[in-house]
Amino acid sequence: MQMYSQHLWVFVENHSDIPFYSGLCSKTLRPTNHRYIIERVENVPEFRGDGKKALLGLYRRLRRRRLLLSTLEGKATGVLFFLDKDIDDIRGCRARSPHVHYTEHYCMENYLFRHGDLARSVSAVGHVDIQEAIVRIATDTLAWTRAAAECWRDWVVYCVLVVRLKVRTQNYGASQSLIHDGVYSAVNSGSQERLLSSLRNEAGLDVGPFRRKHASARAYVDRLYRRGLHDRVFSGKWYARFLVEDCRQVAAAGCRLGRNAEKRLVECLFGTLDFSAPWTERFEAAIAAVAAML
């Protein structure tokens with residue numbers, strides 16, 4: 001890294017993170033002379049793996065070798081890692097360093113749906129008049145995400161409970177709720193009871209203690225939801241399913257999403273983000289803090 005011309009090396013988890021953090025770095029570093037490059041850990045020679053676990057492994061290796069900030073022949077080089085928060089705050093396993101920055105929301109995708117233009121993305125991907133999309137798709141993204149998260153609140157409670165119990169069973173890694181038959185459907189009580197019963201057995205808890213832990217997880221989620229902080233525990237990857245379902249309401253206006261609708265909607269949302277908006281400030285502060293060390 002020292003031999004390259006870049007001053008700041010930014011490591012991210014996935015390919016899909018690159019345009020997001022590129023927009024943030026470009027805006028923050030534009031007034032300076034600092035050059036940056038965004039990479040994934042899998043592209044680091046002699047370092048195996050990818051994703052968050054590998055990123056943290058690289059961070060620890062560089063920290064041990066005191067290479068998070070280094071100077072060679074008068075050129076300073078810094079390293080910054082961007083990670084999805086996921087549920088690491090509940091696990092209590094977040095790295096504490098100015099060189100490691102976590103999203104405030106559950107993951108990067110939460111920002112796309114909170115701060116992207118949903119109607120414009122539906123219009124572009126579905127080839128429909130934007131006026132029709134605006135009428136049928138809410139333009140208030142906070143209200144839209146809140147409504148979607150509310151639909152799956154019981155599923156979020158279950159996922160948080162799984163994390164707290166440290167049981168290895170499907171939760172946040174699922175592509176959709178396992179206790180709802182559809183994105184806007186009511187809880188399937190049979191599915192919910194089966195999942196909770198199985199979870200209690202795997203955790204090795206009696207009925208009483210398990211119910212108390214379930215109630216505690218629900219109270220935690222309820223507090224966040226009341227404060228409008230649902231995105232801290234609701235995976236942003238799930239929102240795409242809700243937006244695709246909403247698009248069916250636009251079908252009468254000629255909306256035709258076709259194949260890979262979720263992926264294409266997410267890709268389109270990237271192009272609607274405003275990187276000059278206030279939501280970027282936490283990211284900019286992290287980038288500027290490392291850049292100031294160079």
Side-chain angles (χ1 to χ4, degrees), residues 1-44 50-52 54-56 58-59 62 67-72 74-86 95 97-121 124-125 141-142 145 231 236-237 239-240 263-294:
M1 291 188 293
Q2 292 172 328
M3 296 174 64
Y4 283 77
S5 62
Q6 284 78 13
H7 298 92
L8 181 63
W9 284 69
V10 179
F11 287 96
V12 298
E13 293 186 43
N14 305 300
H15 287 296
S16 59
D17 295 332
I18 294 176
F20 181 78
Y21 290 109
S22 175
L24 292 164
C25 289
S26 177
K27 183 214 171 183
T28 306
L29 299 176
R30 190 176 297 124
T32 74
N33 293 320
H34 296 134
R35 294 179 296 275
Y36 73 92
I37 185 172
I38 298 181
E39 274 288 5
R40 294 186 63 201
V41 69
E42 64 181 13
N43 295 326
V44 178
D50 59 5
K52 177 183 287 187
L55 276 183
L56 289 172
L58 177 60
Y59 157 69
L62 294 177
L67 292 175
L68 293 171
L69 190 67
S70 58
T71 302
L72 178 66
K75 184 183 78 70
T77 301
V79 184
L80 178 60
F81 296 86
F82 280 115
L83 303 171
D84 286 341
K85 178 185 75 69
D86 296 328
S97 168
H99 296 273
V100 180
H101 185 77
Y102 291 85
T103 57
E104 181 181 12
H105 301 321
Y106 183 86
C107 61
M108 180 275 293
E109 285 80 2
N110 290 78
Y111 293 87
L112 298 181
F113 291 89
R114 275 290 291 270
H115 305 292
D117 191 323
L118 303 180
R120 187 145 61 96
S121 297
V125 176
T141 55
L142 175 58
T145 56
D231 275 312
K237 295 179 174 64
Y239 283 133
K263 179 181 179 182
R264 290 188 294 119
L265 282 168
V266 167
E267 290 173 346
C268 193
L269 280 170
F270 275 110
T272 68
L273 289 176
D274 179 5
F275 288 101
S276 65
W279 66 266
T280 65
E281 292 174 358
R282 289 183 71 257
F283 294 100
E284 291 176 12
I287 298 167
V290 177
M293 302 177 191
L294 302 177

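Since the structure is predicted, the reported quantities are computational estimates derived from the model, not experimental observations.
Heavy atoms only, all atoms of each residue included: Thr272 and Ser121 are closest at CG2-OG, 3.8 Å. Smallest separation of non-hydrogen atoms from Met108 and Phe270: CE-CZ, 3.8 Å. Here the shortest heavy-atom pairing between Gly116 and Leu273 reads N-CD2, 3.8 Å. Shortest non-hydrogen contact noted between Ala286 and Leu80 is O-CD2, 4.1 Å. Contact between Cys25 and Val10 at its shortest, heavy atoms only, is SG-CG2, 3.9 Å.
The aromatic ring centroids of Phe20 and Trp279 lie less than 6.0 Å from each other.
Remark: Glu39 engages no residue in a salt bridge (Lys or Arg N to Asp or Glu O under 4.0 Å) (not counting sequence neighbours). The side chain to side chain donor-acceptor pair (under 3.5 Å) check on Asp84 picks up nothing, with sequence neighbours excluded. Asn14 pairs by the side chain to side chain donor-acceptor pair (under 3.5 Å) definition with nothing, not counting sequence neighbours. With sequence neighbours excluded, the residues satisfying side-chain contact (heavy atoms from CB on, under 4.5 Å) with Thr32 are Leu29, His34.
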Candidate pair Glu13 and Arg40, rule side-chain contact (heavy atoms from CB on, under 4.5 Å), full reasoning = CA-CA 6 Å; Glu13 293 186 43; Arg40 294 186 63 201; over 6 Å; no
Is there a side-chain contact (heavy atoms from CB on, under 4.5 Å) between Asn110 and Thr103 once you walk through the steps?
-> CA-CA 9 Å; Asn110 290 78; Thr103 57; over 6 Å; no
- Task: Quick one: do Asp274 and His115 satisfy side-chain contact (heavy atoms from CB on, under 4.5 Å)? Show the steps, please.
- Result: CA-CA 8 Å; Asp274 179 5; His115 305 292; over 6 Å; no
Would His15 and Ile18 count as a side-chain contact (heavy atoms from CB on, under 4.5 Å) here? Give the steps. CA-CA 6 Å; His15 287 296; Ile18 294 176; 4.2 Å; yes
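Atom SG in Cys107 sits 9.5 Å away from atom NZ in Lys52 (nearest 0.5 Å). Rounded to the nearest 0.5 Å, atoms CG (Leu83) and CG (Leu56) are 5.5 Å apart. Atoms CG and CG, on Leu112 and Leu269 in that order, are 6.0 Å from each other to the nearest 0.5 Å. Here OH of Tyr36 is found 4.5 Å from OG of Ser26. Values are rounded to the nearest 0.5 Å. Expressed to the nearest 0.5 Å, how far CG of Leu118 lies from CG of Leu265 amounts to 9.0 Å. Atom-to-atom distance recorded for Leu294:CG and Asn33:CG is 11.5 Å, nearest 0.5 angstrom.
Thr145 places a side-chain heavy atom less than 4.5 Å from the side chain of Asp231. Looking at heavy atoms from C-beta onward, Arg114 lies in side-chain contact with His105 at the 4.5 angstrom threshold. Here the side chains of Glu267 and Ser16 are not in contact, with every heavy-atom distance at 4.5 Å or above. In this structure the side chain of Leu8 reaches within 4.5 angstrom of the side chain of Val290, judged on heavy atoms.
Partner of Phe11 under the side chain to side chain contact (heavy atoms under 4.5 Å, CB included) criterion, out of Val100, Ile37, Ile38, Leu58: Leu58 alone. For the ring-ring contact (aromatic ring centres under 6.0 Å, His included) test with His101, the passing option among Phe81, Phe283, Tyr59, Tyr21 is Phe283; the others fail.
Residue pairs satisfying the salt bridge (Lys or Arg N to Asp or Glu O under 4.0 Å) criterion with at least one member in residues 97-109, sequence neighbours excluded, are listed as follows: Glu104-Arg232, Glu109-Lys237. Within the structure, side-chain hydrogen bond (donor to acceptor under 3.5 Å, both in side chains) pairs that include any residue of residues 282-291 comprise Lys27-Glu284, Thr280-Glu284 (at least two apart or interchain).
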